[in-house]
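Just below is one structure, and these are the notes that go with it.
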Amino acid sequence: MDKTAAKNFMNHCEAMNIQLSEEQLCQFDRYYELLVEWNSFMNLTGITEYAEVLQKHFEDSLTIVRAIDPEKIETVIDVGTGAGFPGLPLKIAFPHLRIVLLDSLGKRVKFLNKVIEELQLEKITAIHGRAEDFARKPEYREGFDLAVSRAVANLASLSEYCIPYVKTEGAFVSYKSGKIEEELQNASKAIGILGGELKEVRKFSLEESEVERSLVVIRKKKMTPKKYPRKAGLPAKEPLT
């Protein structure tokens, strides 16, 4: 492993007031090893170089602390988690969190379960399914303090996928690129229909990087109407704009 990259990662975390123990740093390294190993036979990420994974996946996942205090929440669902971002880095850094990782591809869920097993993580579950379907299950609907997503989809669609999972007065945080104004405007109707309210947009660049990031923070103000989310496929094909 690149010691300079590891040191930079730790320093960047400290700059965000995240203190990582030796054990947690080892967990991040093992996560990286598994990511590269499994990526050799299935498509998990186009980023495999150690320093880049630390910055663009692990550190990026943890930037949510710029908008939300993880110490004040207990339950999180990561919708469309893919290779586990941001949910797994959040679990490693904040072990008290109870996290559900949701992904529509079974092979990715097998990878996530392998990481959970290898890192001996507790109070975290990876489930295989579509966001539209699980949001209708009583045990998941409006059952989380926080929903997060780094999934590549427009904000209106993501809101329909994620807001139904959030408790009233909870939050949905969408990880977006720096240019977000048009997408925000197009999603404003959907956010309101689903019971949400735009609280803030936190814009920044990753430490020592030109990578621009926006965290869109949506507060859940009232229960989501029962007819949402619509049946699988519709939120993407016909966003509520």
Side-chain angles (χ1 to χ4, degrees), residues 27-28 30-48 53 56-58 60-64 75-94 97-166 170-176 215-216 228-237 239:
Q27 286 178 317
F28 275 114
R30 183 61 184 139
Y31 184 7
Y32 168 76
E33 291 170 351
L34 289 166
L35 180 69
V36 172
E37 178 187 332
W38 282 62
N39 200 62
S40 66
F41 57 84
M42 61 182 286
N43 182 27
L44 290 170
T45 177
I47 299 170
T48 55
V53 171
K56 295 179 180 178
H57 283 325
F58 297 168
D60 183 57
S61 294
L62 298 177
T63 58
I64 196 171
T75 53
V76 181
I77 184 165
D78 180 1
V79 179
T81 186
F85 310 121
L88 274 169
L90 289 174
K91 178 62 186 178
I92 295 170
F94 303 100
L97 294 174
R98 287 189 283 128
I99 295 183
V100 172
L101 306 172
L102 174 62
D103 199 83
S104 60
L105 192 63
K107 290 189 293 184
R108 284 198 291 256
V109 173
K110 285 184 180 178
F111 165 72
L112 298 171
N113 280 322
K114 180 64 174 177
V115 176
I116 290 168
E117 177 188 351
E118 287 270 333
L119 273 51
Q120 298 183 330
L121 300 175
E122 298 177 348
K123 297 188 293 184
I124 182 168
T125 308
I127 55 177
H128 173 219
R130 297 189 67 126
E132 302 98 317
D133 297 331
F134 273 84
R136 295 193 169 279
K137 295 179 181 287
E139 62 268 39
Y140 294 102
R141 189 176 183 86
E142 294 177 326
F144 296 87
D145 300 322
L146 176 67
V148 292
S149 185
R150 276 208 334 167
V152 180
N154 70 74
L155 186 59
S157 300
L158 280 175
S159 295
E160 190 168 353
Y161 294 142
C162 296
I163 292 176
Y165 288 100
V166 180
F172 161 46
V173 176
S174 177
Y175 290 65
K176 287 288 183 180
L215 293 176
V216 180
Y228 300 109
R230 293 165 293 165
K231 66 181 181 179
L234 269 182
K237 290 177 185 175

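If you're wondering where the values come from, they're calculated on a predicted model, not measured in any experiment. FYI, side chains are in, hydrogens and waters are out, and symmetry mates aren't considered; it's all heavy atoms of this structure.
Between the side chain of S157 and the backbone N or O of P235, at least one donor-acceptor pair lies under 3.5 Å. Under a 3.5 Å cut-off, the side chain of D145 and the backbone N or O of G170 do not form any donor-acceptor pair. A distance-only check finds a donor-acceptor pair linking the side chain of D103 to the backbone of G82 [under 3.5 Å]. Distance alone, capped at 3.5 Å, is enough to place a donor-acceptor pair between the K91 side chain and the L97 backbone. Looking at Y165, its side chain does come within 3.5 Å of a backbone N or O of A135 through a donor-acceptor pair.
Counting all heavy atoms, side chain and backbone alike, T75 lies closest to G143 at OG1-O, 3.8 Å. For the pair E132 and R136, the tightest heavy-atom approach, listed with the atom from each and the gap, is O-CG, 3.6 Å. Nearest heavy atoms, G84 versus P89: O-CD, 3.3 Å. Scanning all heavy atoms of the two residues, the minimum distance from A83 to Y31 falls at O-OH, 2.6 Å. Contact detail for I47 and V53: the closest heavy-atom pair is O-CG2, 3.4 Å. Heavy atoms only, all atoms of each residue included: A93 and L62 are closest at CB-CD2, 3.7 Å.
By the ring-ring contact (aromatic ring centres under 6.0 Å, His included) test, F28 pairs with F9, F58, sequence neighbours left out.
Two residues are said to be in side-chain contact when any heavy atoms from C-beta on lie closer than 4.5 Å; L215 and S174 fail this criterion. No side-chain heavy atom of I77 sits less than 4.5 Å from a side-chain heavy atom of I99. Contact annotation: the side chain of P164 never approaches that of Y140 to less than 4.5 Å [non-hydrogen atoms, C-beta and beyond]. Residues V100 and D78 have side chains not in contact (no heavy-atom distance under 4.5 Å, counting atoms from C-beta outward). Inter-residue side-chain proximity for F172 and S149 is flagged as met; some heavy-atom pair is nearer than 4.5 Å. Within the 4.5 Å cutoff, the side chain of R141 has heavy atoms near those of the P229 side chain. In this structure, L34 and K114 have side chains that are in contact, with non-hydrogen atoms separated by less than 4.5 Å. Side chains of L88 and H57 form no contact here, defined as non-hydrogen atoms less than 4.5 Å apart.
In this structure, I163 CD1 and E142 CD are separated by 10.5 Å, a value rounded to the nearest 0.5 Å. To the nearest 0.5 Å, atoms CG (L102) and CZ (R108) are separated by 10.5 Å. Between the CE atom in M42 and the NZ atom in K107 there is a gap of 5.5 Å [rounded to 0.5 Å].
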Quiz: residues 119-130 side-chain donor-acceptor pairs under 3.5 angstrom, not counting sequence neighbours:
unit_1, atom_1, unit_2, atom_2, d
K123, NZ, H96, O, 3.4
H128, NE2, S104, O, 3.0
H128, NE2, G106, N, 3.4

- Just do the side chain to side chain contact (heavy atoms under 4.5 Å, CB included) check on K176 and L158 with the steps written out, would you? CA-CA 11 Å; K176 287 288 183 180; L158 280 175; 3.8 Å; yes

- Task: Please step through side chain to side chain contact (heavy atoms under 4.5 Å, CB included) for the pair F111 and V115, ending with a clear verdict.
- Result: CA-CA 6 Å; F111 165 72; V115 176; 3.6 Å; yes

- Determine, stepwise, if the pair V148 / V79 fulfils side chain to side chain contact (heavy atoms under 4.5 Å, CB included). CA-CA 6 Å; V148 292; V79 179; over 6 Å; no

- Mind running side chain to side chain contact (heavy atoms under 4.5 Å, CB included) on L112 and T81 for me, showing each step along the way? CA-CA 9 Å; L112 298 171; T81 186; 3.6 Å; yes

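Salt-bridge check for R230 with E160: passed, with a basic side-chain N closer than 4.0 Å to an acidic carboxylate O. One finds a salt bridge joining R150 and D60 here, because a Lys/Arg side-chain nitrogen approaches an Asp/Glu carboxylate oxygen to under 4.0 Å.
Judged by the 6.0 Å and 45° rule, K137 forms a cation-pi pair with F134.
Applying the ring pair (Phe, Tyr, Trp, His ring centres under 6.0 Å) test to pairs two or more places apart or on separate chains, none has a residue in residues 141-163.
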